[in-house]
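Everything numeric in this text was worked out from a predicted model, so none of it was measured.
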Amino acid sequence: MFKKIVLAVDGSEHSVRSTQYAIELAEKFSGSIEVVYVVDGDQSKADVLHFGDKHALDKMRIDKLSDVEKLMENSKIDHQFHILHGEPGPMIVQYVNDHHVDCVVIGSRGLNKFQTFLLGSVSHKVVKQVDCPVLIVK
């Protein structure tokens with residue numbers, strides 16, 4: 001049923017909890033997980049100005065997802081990480097709809113609370129526009 005699962009993460013506490021649910025689904029249905037992290041364009045520009053060094057910037061992004069990576073490695077579930085660039089909601093929707101995904105697992109809140117307040121949550125955009133079931137984790 002849920003063979004191909006996309007786990008959308010941003011490094012938040014909700015992402016870590018979402019990872020645990022995605023792992024449980026993958027174990028139950030003998031599925032695989034594609035972990036998707038979207039680097040927002042505006043945030044990316046600010047990060048480059050702040051860090052200056054591409055290697056330091058890449059390390060910061062990887063460190064942000066270290067808890068998710070640890071859970072994935074400990075689970076022994078087949079998984080891949082994908083880093084996308086753009087606006088998180090539309091990029092996740094495009095990735096999911098283009099890759100014939102069976103289920104999306106996403107946290108109910110992310111790191112950017114101000115953007116959520118102004119634009120609506122990424123999870124809300126995803127649930128309205130993808131062509132598969134979505135599990136939103138609180």
Asker: If I compare all heavy atoms of Ile136 with all of Gly107, which pair ends up nearest, and what's the gap?
Answerer: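 Closest approach of Ile136 to Gly107: CG2-C, 4.2 Å.
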Asker: Please list, chain by chain and in numerical order, all residues satisfying side chain to side chain contact (heavy atoms under 4.5 Å, CB included) with Asn97, sequence neighbours excluded.
Answerer: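 Result, side chain to side chain contact (heavy atoms under 4.5 Å, CB included) vs Asn97: Val93, Val130, Asp131.
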Asker: Out of the candidates Val36, Leu25, Ile23, Ile33, only one should pair with Leu7 under the side-chain contact (heavy atoms from CB on, under 4.5 Å) rule; please name it.
Answerer: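 Of all the options given, the one that passes is Ile33.
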Asker: Who pairs with Glu69 by side chain to side chain contact (heavy atoms under 4.5 Å, CB included), at least two apart in sequence or on another chain?
Answerer: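 In terms of side chain to side chain contact (heavy atoms under 4.5 Å, CB included), with neighbours along the sequence ignored, Glu69 is linked to Glu73, His79, Phe81.
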Asker: State the OG1-CG distance between Thr19 and Asn74, to the nearest 0.5 angstrom.
Answerer: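 One gets 12.0 Å once the value is rounded to the nearest 0.5 Å.
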Asker: Give the minimum heavy-atom separation between Tyr37 and Val39, together with the two atoms involved.
Answerer: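 The answer is CE2-CG2, 3.7 Å.
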Asker: Working to the nearest 0.5 Å, report the span between CE of Met72 and CG of Asp78.
Answerer: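 Between Met72 CE and Asp78 CG, I get 8.5 Å after rounding to 0.5 Å.
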Asker: With sequence neighbours excluded, tell me which residues meet side chain to side chain contact (heavy atoms under 4.5 Å, CB included) with Gln20.
Answerer: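 Gln20: side chain to side chain contact (heavy atoms under 4.5 Å, CB included) contacts with Arg17, Leu71.
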Asker: Got a donor-acceptor contact below 3.5 angstrom from the Ser18 side chain to the Val137 backbone?
Answerer: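 Pair absent, no side-chain N/O of Ser18 close to backbone of Val137.
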Asker: Which pairs count as salt bridge (Lys or Arg N to Asp or Glu O under 4.0 Å) when at least one residue sits in residues 18-28, sequence neighbours excluded?
Answerer: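 The answer is none; no pair qualifies.
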Asker: Is the backbone of Asp10 close enough, under 3.5 Å, to the side chain of Ser15 for a donor and an acceptor to pair up by distance?
Answerer: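 Looks like yes, one N/O pair under 3.5 Å.
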Asker: Closest heavy-atom contact between Ser108 and Ser123?
Answerer: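 Taking Ser108 first and Ser123 second, the nearest heavy atoms are O-OG, 3.6 Å.
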Asker: Closest approach of Gly89 and Val126, non-hydrogen atoms and distance?
Answerer: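 For Gly89 and Val126, the tightest heavy-atom pair comes out as O-CG2, 4.3 Å.
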Asker: Restricting to non-hydrogen atoms, name the atom on Glu87 and the atom on Lys125 that form the minimum distance, rounded to 0.1 Å.
Answerer: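 It is OE2-NZ, 3.3 Å.
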Asker: Under the side chain to side chain contact (heavy atoms under 4.5 Å, CB included) rule, collect the residues that match up with Lys3, sequence neighbours excluded.
Answerer: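 Lys3 satisfies side chain to side chain contact (heavy atoms under 4.5 Å, CB included) with Ser30, Asp102 once adjacent residues are dropped.
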Asker: Give, for atom CZ of Phe2 and atom SG of Cys132, the distance between the pair rounded to the nearest 0.5 Å.
Answerer: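 Phe2 CZ to Cys132 SG: 8.5 Å, rounded to 0.5 Å.
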Asker: Mind listing the closest non-hydrogen atom pair of Val38 and Gly86 along with its distance?
Answerer: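 Between these two residues, the closest heavy atoms are CG1-O, 3.4 Å.
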Asker: Using the test ring pair (Phe, Tyr, Trp, His ring centres under 6.0 Å), find all partners of Tyr95 that sit at least two apart in sequence or belong to another chain.
Answerer: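 If we apply the ring pair (Phe, Tyr, Trp, His ring centres under 6.0 Å) test to Tyr95, skipping adjacent residues, the hits are His82, His99.
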